[in-house]
There are 2 protein chains.
Amino acid sequence: MTKLYDFIKSQINIDESELETILLNFNERKIKKDRFVLKHGHFATDYYFIKSGGLRINFDINNNSKTAWIALENEFFTDLTSIKNKVPSRYNIQAIEDTILFTIKSETMERLYKEYPIWQQFGRQIWENAFLKAIDGLLNFQNMNAEERYLTTMQQTELLQRIPLKDLADFLGITPTSLSRLRKKIK
Amino acid sequence: MTKLYDFIKSQINIDESELETILLNFNERKIKKDRFVLKHGHFATDYYFIKSGGLRINFDINNNSKTAWIALENEFFTDLTSIKNKVPSRYNIQAIEDTILFTIKSETMERLYKEYPIWQQFGRQIWENAFLKAIDGLLNFQNMNAEERYLTTMQQTELLQRIPLKDLADFLGITPTSLSRLRKKIK
DNA sequence: TTCATTTCTTGCCATTTGGCAATTCCTTCA
DNA sequence: TGAAGGAATTGCCAAATGGCAAGAAATGAA
């Protein structure tokens with residue numbers, strides 16, 4: 001769990017012993033490429049920390065499934081809406097390659113939040129950061145065209161270069177056809 | 001401060017006395033329509049709770065100012081990037097009408113977070129909710145065209161109907177010209 | 001109320017993005 | 001290793017959105 005350990009340490013100043021105790025509440029889960037972590041219509045029950053690999057978060061909209069988001073190595077992820085509002089998830093969450101997660105039940109998270117104020121701080125910071133990332137994405141959509149969004153996204157992480165172009169197209173909010181033309185034009 | 005009081009109560013289960021103490025750290029600030037709350041290039045120092053009125057968050061991009069977001073009555077708002085990273089703000093924040101804020105210094109927030117675990121929980125929930133809202137906006141951009149975004153936005157709050165169309169256009173990520181045509185077509 | 005300024009609308013045309021179908025290219029798995 | 005199915009590209013054309021400029025409408029200050 002070194003990766004998770006380091007990640008938490010990078011976010012908060014926590015006692016070694018407390019951290020050890022908290023880590024005991026995580027479980028490792030391995031997912032083969034293309035297998036589902038969560039299926040649309042089911043209830044999200046866990047938070048995931050991605051040790052390696054990545055997740056594709058797909059969104060069902062008028063009969064087809066679009067990639068809404070990609071979560072990668074060293075990130076926390078879950079369907080927070082499903083957990084908070086106890087509603088079935090709108091998402092299909094799927095491994096984009098062989099992936100290792102550290103998972104923790106949402107009730108356990110809640111308990112740890114109460115038990116360890118520093119963990120509550122950790123939670124706050126995680127969501128603050130998630131918010132900033134989402135706003136960044138939003139501003140990109142508001143102020144850039146597809147080509148600019150593509151170039152910006154490409155810079156951000158090399159893993160994005162490994163996902164199928166059709167998923168990337170969804171992520172960018174354009175059709176695979178358009179993305180293909182974009183790439184041709186740029187090259 | 002009834003509004004703020006009620007808002008906090010709606011988010012967390014807090015002792016009356018603690019809440020009273022916490023509220024003492026907020027200050028009331030009145031802003032006339034069109035006056036600035038924060039100017040681009042300055043450092044954000046406060047969190048705002050909007051008692052009445054609303055804020056336009058503008059973003060300077062290649063020499064003109066675009067409305068990135070609108071924050072309304074009963075919402076918390078600040079430039080979190082500026083506060084967290086201690087960098088000058090990229091935003092101009094301006095009152096869209098006569099507005100009353102309850103403000104609190106970011107250092108005070110930090111102190112209260114540490115002092116009152118329940119307040120840390122409040123902070124976490126605020127940002128969880130902000131995240132969910134941002135993601136919702138993001139999905140709209142990914143999966144809807146301008147017309148659909150317009151219709152969706154119009155449903156959400158009647159106050160949005162009170163902002164100038166050019167700001168609304170920015171918010172929707174289109175030009176005022178296009179918005180005007182959209183509206184004509186729909187009517 | 002009037003004038004000046006800003007916002008909004010509209011016409012004309014350009015650019016961006018999409019839809020569909022045919023073809024090619026890759027994967028994968030038997 | 002080769003056949004099958006999905007992914008990516010491309011051509012042709014359509015729809016959505018933008019740019020610019022002119023005029024109409026709304027707003028605000030004196």
Side-chain angles (χ1 to χ4, degrees), chain A residues 32-36 54 56 58 61-67 70 92 94-98 138-154 159-187, chain B residues 31-36 53-54 56 58-59 61-67 70 92 94-99 138-154 159-187:
Chain A
K32 284 276 173 213
K33 177 173 180 183
D34 293 337
R35 284 291 170 76
F36 287 90
R56 164 179 33 231
N58 271 30
I61 188 165
N62 34 272
N63 278 339
N64 54 15
S65 179
K66 289 198 163 190
T67 297
I70 304 283
N92 280 307
Q94 205 175 2
I96 58 177
E97 44 191 60
D98 287 0
L138 199 74
L139 290 181
N140 285 349
F141 271 108
Q142 255 177 358
N143 298 301
M144 294 176 166
N145 61 22
E147 181 176 341
E148 294 168 316
R149 291 202 300 282
Y150 171 71
L151 292 172
T152 306
T153 303
M154 285 299 86
L159 214 167
L160 266 189
Q161 293 168 212
R162 281 191 253 151
I163 70 173
L165 291 177
K166 78 181 175 46
D167 292 338
L168 179 58
D170 287 345
F171 181 76
L172 293 170
I174 60 180
T175 59
T177 311
S178 294
L179 177 57
S180 176
R181 285 192 265 256
L182 259 182
R183 285 162 55 86
K184 184 182 183 181
K185 182 184 150 206
I186 288 167
K187 203 182 39 190
Chain B
I31 300 112
K32 284 275 174 212
K33 178 173 180 182
D34 293 335
R35 285 291 170 75
F36 287 91
R56 164 179 34 229
N58 271 30
F59 181 61
I61 189 165
N62 34 270
N63 278 338
N64 55 15
S65 179
K66 289 197 163 191
T67 297
I70 304 283
N92 281 308
Q94 204 176 2
I96 58 178
E97 44 190 60
D98 289 359
T99 293
L138 197 74
L139 289 182
N140 285 349
F141 270 109
Q142 255 178 359
N143 299 301
M144 294 177 166
N145 61 22
E147 180 177 340
E148 294 167 318
R149 291 202 301 281
Y150 170 71
L151 292 172
T152 306
T153 303
M154 284 298 87
L159 213 168
L160 266 189
Q161 293 168 214
R162 281 190 253 151
I163 70 173
L165 291 177
K166 78 179 174 47
D167 292 339
L168 179 57
D170 288 344
F171 181 76
L172 293 171
I174 59 179
T175 58
T177 311
S178 294
L179 177 56
S180 176
R181 286 192 264 256
L182 259 183
R183 287 161 55 85
K184 185 181 184 183
K185 182 184 149 206
I186 289 168
K187 201 181 42 193

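Chain naming here is simple, since letters A, B, ... match the order of the sequence lines and numbering starts at 1 in each. Since we're looking at a predicted model, the values are computed, not measured.
- Distances shorter than 4.0 Å separate some side-chain N or O of A:K184 from OP1 or OP2 on D:dT10.
- Within the 4.0 angstrom heavy-atom criterion, only backbone atoms of the sugar-phosphate kind lie near B:T175; the bases stay farther away.
- Contact annotation for B:K185: no contact, since no heavy-atom pair falls under 4.0 Å across all strands.
- Taking atom CG on A:L179 and atom P on C:dG18, their separation rounds to 10 Å, with Å as the unit.
- Taking atom CG on B:L182 and atom C1' on D:dT17, their separation rounds to 9 Å, with Å as the unit.
- In this structure a side-chain-to-backbone donor-acceptor pair under 3.5 Å is missing from A:D170 to A:K66.
- Put simply, OH on B:Y150 is 17 Å from C1' on D:dA16, counting in whole angstrom units.
- The side chain of B:R181 has D:dG18 as its nearest neighbour among D:dG18, C:dT16, D:dA8.
- In this structure, B:L165 atom CG and C:dT10 atom C1' are separated by 15 Å, rounded to whole Å.
- With distances taken from any side-chain atom of B:I174 to the nucleotides D:dT17, C:dC8, C:dG18, the minimum falls on D:dT17.
- Within the 4.0 angstrom heavy-atom criterion, no nucleotide atom of any strand lies near A:P176.
- Comment: B:D34 engages B:R56 in a salt bridge, judged by a side-chain N to carboxylate O separation of less than 4.0 angstrom.
- Residue A:R183 contributes atom CZ, which lies 15 Å from atom P of D:dA7 at whole-angstrom precision.
- With the nearest nucleotide of DNA chain C identified for both A:R149 and A:T177, A:R149 has the one nearer the 5' end.
- When each of D:dT17, D:dA8, C:dG11 is scored by its nearest atom to the side-chain atoms of A:K166, the top-ranked nucleotide is D:dA8.
- Under a 3.5 Å cut-off, the side chain of B:T153 and the backbone N or O of B:L151 do not form any donor-acceptor pair.
- Checked by atom type and distance alone, the side chain of A:R149 pairs as donor or acceptor with a backbone atom of A:L172 at under 3.5 Å.
- Atom-to-atom, NZ of A:K187 to C1' of D:dT10 comes out at 12 Å; the value is rounded to the nearest Å.
- You'll find that the side chain of B:S178 is closest to D:dT17, out of D:dT17, D:dA7, C:dT17.
- Separating the CD atom of A:E147 from the C1' atom of D:dG18 is a distance of 15 Å, rounded to the nearest angstrom.
- Distance, B:N143 CG to D:dA16 C1': 17 Å, rounded to whole Å.
- Checked by atom type and distance alone, the side chain of B:Q142 never pairs as donor or acceptor with a backbone atom of A:G173 at under 3.5 Å.
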